[in-house]
Number of protein chains: 4
Amino acid sequence: MSTEPARRWSRRSDARPDEILDAALEEFEAAGFDSARMEDVARRAGISKAGVYLYFDSKEALLKALIRREITPVAARVEVLAKAGEADPAVALKRISGVALLLLAQPRIFAIPRLVISISQRFPDIAALYRTEVLDRLRAALTGLIRSGIALGQFRADIDPELAIRTIAGPIMFEALWRNVLSGAPAIADPVEFARRHIDYVLHGIAALRP
Amino acid sequence: MSTEPARRWSRRSDARPDEILDAALEEFEAAGFDSARMEDVARRAGISKAGVYLYFDSKEALLKALIRREITPVAARVEVLAKAGEADPAVALKRISGVALLLLAQPRIFAIPRLVISISQRFPDIAALYRTEVLDRLRAALTGLIRSGIALGQFRADIDPELAIRTIAGPIMFEALWRNVLSGAPAIADPVEFARRHIDYVLHGIAALRP
Amino acid sequence: MSTEPARRWSRRSDARPDEILDAALEEFEAAGFDSARMEDVARRAGISKAGVYLYFDSKEALLKALIRREITPVAARVEVLAKAGEADPAVALKRISGVALLLLAQPRIFAIPRLVISISQRFPDIAALYRTEVLDRLRAALTGLIRSGIALGQFRADIDPELAIRTIAGPIMFEALWRNVLSGAPAIADPVEFARRHIDYVLHGIAALRP
Amino acid sequence: MSTEPARRWSRRSDARPDEILDAALEEFEAAGFDSARMEDVARRAGISKAGVYLYFDSKEALLKALIRREITPVAARVEVLAKAGEADPAVALKRISGVALLLLAQPRIFAIPRLVISISQRFPDIAALYRTEVLDRLRAALTGLIRSGIALGQFRADIDPELAIRTIAGPIMFEALWRNVLSGAPAIADPVEFARRHIDYVLHGIAALRP
DNA sequence: AATGAATGAGTATTCATTCAT
DNA sequence: AATGAATGAATACTCATTCAT
């Protein structure tokens, strides 16, 4: 497909950092950051122990690079969905919820929030990065959606968007924790079905009557 | 003041395990399980490194004992609240939510779920313990409350209690994560106020109109 | 000889730091600071690798402690000799020269100046320590002796004591270097005889006639 | 400007070894042999790490080549001066002393003796090289000068030339050590002035009276 | 009950050296 | 001639755990 002369091997070099990050993700996911051994990361990446240090200065740098890499597309995706859904915020929220749970139900994806939760005390800058790059952008996108919904008359005018997004996102995260942390806990089967009913409750409440 | 026979020397002795667990909680909270050093736990407990091993077989045993100790009263408390609230489940849920967030907002209390989240892969039995001792009992208590509410006509008859409790608990946990993990993130000021409005949304929904 | 109850083993603890420093001296002497391995120091001291770190924080700390220990008595000894020799500075200088060469001819003693020479660029504080604790005190003692000699009419009134001590000490150090660094180089046999004639030259000059 | 045939490409090529040796000298001077990194030598020489190995087989080989290069002109120069000074050995000694201190006061030049002192135990052949190429030739030149002086009646007939050269060279080396090792130590200002007075003391002694 | 001393088994990191290109 | 990529071997330092006292 390409006419470049075959650079057979040294092309690896461009791919290496990503291969290493993949390996790190898997090791960190399985063992946690502290308990994961650089040697295992290296072996999984198919290179020597010293090879990792060609691309990352230290274990901590590896962690930070990993989180940075994984973080970037997340909020971007939600922002796109949010933008696209401004015409019908209620539907958009349902869609976003389904996608979010679908993703967070996967151990490899849940691994990043889990890492952030685990090490946020020791590496506050990682927590800060996650907050600014992921959560602040998510918050902005979702509260925007809520406000659009209010403007459109879809949502009650008296709700606080800041709190409403917790009402929406909380159960998603809760279910993701449930599935990933407490293996054996009964998960509600289908993420999409989960999202559908979840949004029903959030939109219309669980009370039998309006006050 | 006490009628106990004078216990000459080892008066402290029965307090020791708890002092050690207190110390462990603080160290684990600050550094995480792996990164915390037994020496620091010992120092914080005011005894020698070897002294810890008089009461706990290993670091892992210390962790398990800690989690067991912290776990026990939690579900019990919720069960009591749930029982007491069966007459008015909606009010009970509001009360429980407030208490839960009040507790989980405290770093020392949040430390336990955080630890469980961090090490659940490596110590599945700890995760299992947490599930059976805390979450299963919480689930039972809360779904019971939901069912009572349905029976009383407070809640819609078509809701799934299992999902409904996620709708209730999720935002609480989400806010707790927000506060404890992402320092600097804007938290909604008063936990009790949070709970009041949160339950309003959950009960009556955020949509402007019922479908 | 002592009536203390035999504390058989744990008495070692008091001796340990010195044993380790002895071992370090030997390893550093043989291999140089960088090339010496902590493991070898430990083995030579008869303890485990980790044992060394019970007494010294790092390899660098070990080096500094070693130099500090070895340094202390040196200048003190010279000061005593200088004080004692003020009545007859010329004789005192001869005696001090003999002792100095006798000592510096021993590899274990020469090892310290050699270490200082080797690492002075990288650890300027060690060089500074050596200067203030050894050389400044030596300088003070020896220039004092020179001045006494001038006052007594033993030495020419027009000499600069600061330079004169180099005339005295230089050849001693030179011979020590010769012996310790350039194995196989012809050393002048007896240190005491060396000192005797060396001082003759220094006192009376090598010229056939006074100017 | 040169009549050499155009050497298309590798014009630099024959300068490379010397550039590398210059770089090595600087790195070894700053960090010591063990602590200096080949990578830094390479970078300072403006080539890649692997490039160094095109010209030198190993770090040790680099050290040896460096010492060999630096050593060669030294003794030669002294031999020339000695030869030239045979007519008036006393004056020649003064001149040589001044030049020697002038050179040894320069860190880049002192670096070589310092390296030899540092690693003589581990690389005895380097020490041997230094001895045969530098010191033995110096000794021969200087003792020759002394003997000439005796023959001319400039110097006392009863002095041992072997020892007399230590009396001459020792203070020079001592002052060089002082300046290079113990930064901050008071050095006697002008090397030439130092040499002038130093030789005065050596020739005529510091004693007030001849015995 | 309590601990100071000791250690075995790691573990991150470094660096001289090699080699395919 | 030159190098970017890679690594094997090493090494300082750590820490949970043990044990004699």
Side-chain angles (χ1 to χ4, degrees), chain A residues 5 7-14 16 34-42 46-62, chain B residues 8-14 16 34-42 46-62, chain C residues 5 7-14 16 34-42 46-62, chain D residues 8-14 16 34-42 46-62:
Chain A
R7 267 177 308 159
R8 254 180 307 172
W9 246 95
S10 63
R11 173 169 35 87
R12 281 202 133 314
S13 180
D14 315 357
R16 272 287 145 79
D34 286 294
S35 176
R37 293 161 60 229
M38 288 297 266
E39 188 167 356
D40 291 337
V41 172
I47 60 175
S48 74
K49 221 189 316 185
V52 177
Y53 288 89
L54 249 40
Y55 299 94
F56 301 97
D57 284 342
S58 66
K59 195 179 178 185
E60 188 180 330
L62 183 58
Chain B
R8 265 173 310 164
W9 220 102
S10 51
R11 185 163 31 102
R12 309 224 60 190
S13 173
D14 33 336
R16 273 288 146 80
D34 286 292
S35 183
R37 294 160 62 224
M38 289 296 265
E39 186 165 1
D40 291 336
V41 171
I47 60 175
S48 76
K49 224 189 316 183
V52 177
Y53 287 86
L54 254 34
Y55 299 95
F56 301 96
D57 284 343
S58 68
K59 195 180 179 185
E60 191 180 329
L62 183 58
Chain C
R7 268 179 306 159
R8 259 182 304 175
W9 247 93
S10 62
R11 173 169 35 88
R12 282 199 134 314
S13 179
D14 315 359
R16 273 287 145 80
D34 286 295
S35 174
R37 293 162 60 228
M38 288 298 264
E39 188 166 359
D40 291 336
V41 172
I47 60 176
S48 72
K49 218 189 319 184
V52 177
Y53 288 89
L54 250 39
Y55 299 95
F56 301 96
D57 283 342
S58 66
K59 195 180 177 185
E60 189 180 330
L62 183 57
Chain D
R8 263 174 310 165
W9 218 104
S10 51
R11 187 164 27 104
R12 310 226 60 192
S13 176
D14 34 337
R16 273 288 147 78
D34 285 293
S35 184
R37 295 160 59 224
M38 289 296 264
E39 186 165 1
D40 291 336
V41 171
I47 60 174
S48 76
K49 225 188 318 184
V52 177
Y53 287 87
L54 254 34
Y55 299 96
F56 301 96
D57 284 343
S58 66
K59 194 180 179 186
E60 192 180 328
L62 183 58

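Computation of the quantities below employed the complete heavy-atom set of this structure, encompassing side-chain atoms and omitting hydrogens, waters and symmetry-equivalent molecules. Computed from a predicted model, the values in this text were never measured in an experiment. Below, read A as the first sequence line, B as the second, and so on, with proteins coming before strands; counting in each chain starts at 1.
The phosphate of E/dA5 has neither OP1 nor OP2 within less than 4.0 Å of any side-chain N or O from C/Tyr55.
The 5' end of DNA chain F is approached more closely, in terms of each residue's nearest nucleotide, by D/Leu54 than by the other of A/Gly51 and D/Leu54.
Rounded to whole angstrom, the span from the CD1 atom of C/Ile47 across to the C1' atom of F/dT18 amounts to 17 Å. Here the C1' atom of nucleotide F/dT14 and the CZ atom of C/Phe56 are 18 Å apart, to the nearest Å.
Using a 4.5 Å cut-off on side-chain heavy atoms (C-beta onward), B/Met38 and B/Leu62 make contact.
Here the closest non-hydrogen pair linking A/Ile47 and A/Val52 is CD1-N, 3.7 Å. Here the shortest heavy-atom pairing between B/Lys59 and B/Ala36 reads NZ-O, 2.7 Å.
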Under 4.0 Å protein heavy-atom contact, by nucleotide of nucleotides 10-17 of chain E - B base, S sugar-phosphate only: BSSBBBSB
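Remark: C/Leu54 CG to C/Ser48 OG distance equals 8.0 Å, nearest 0.5 Å. Taken to the nearest 0.5 Å, the OG atom of D/Ser35 stands 5.0 Å off from the CG atom of C/Asp34. Here NZ of C/Lys49 is found 8.5 Å from CZ of C/Arg37. Values are rounded to the nearest 0.5 Å.
Stem regions annotated for DNA chain F: E:2-21 with F:2-21, counting only runs of 3 or more consecutive pairs of Watson-Crick or G-U type with both contacts under 3.5 Å.
When distances are taken from the side chain of C/Ser48 to each of E/dT7, F/dT3, F/dA6, the shortest belongs to E/dT7.
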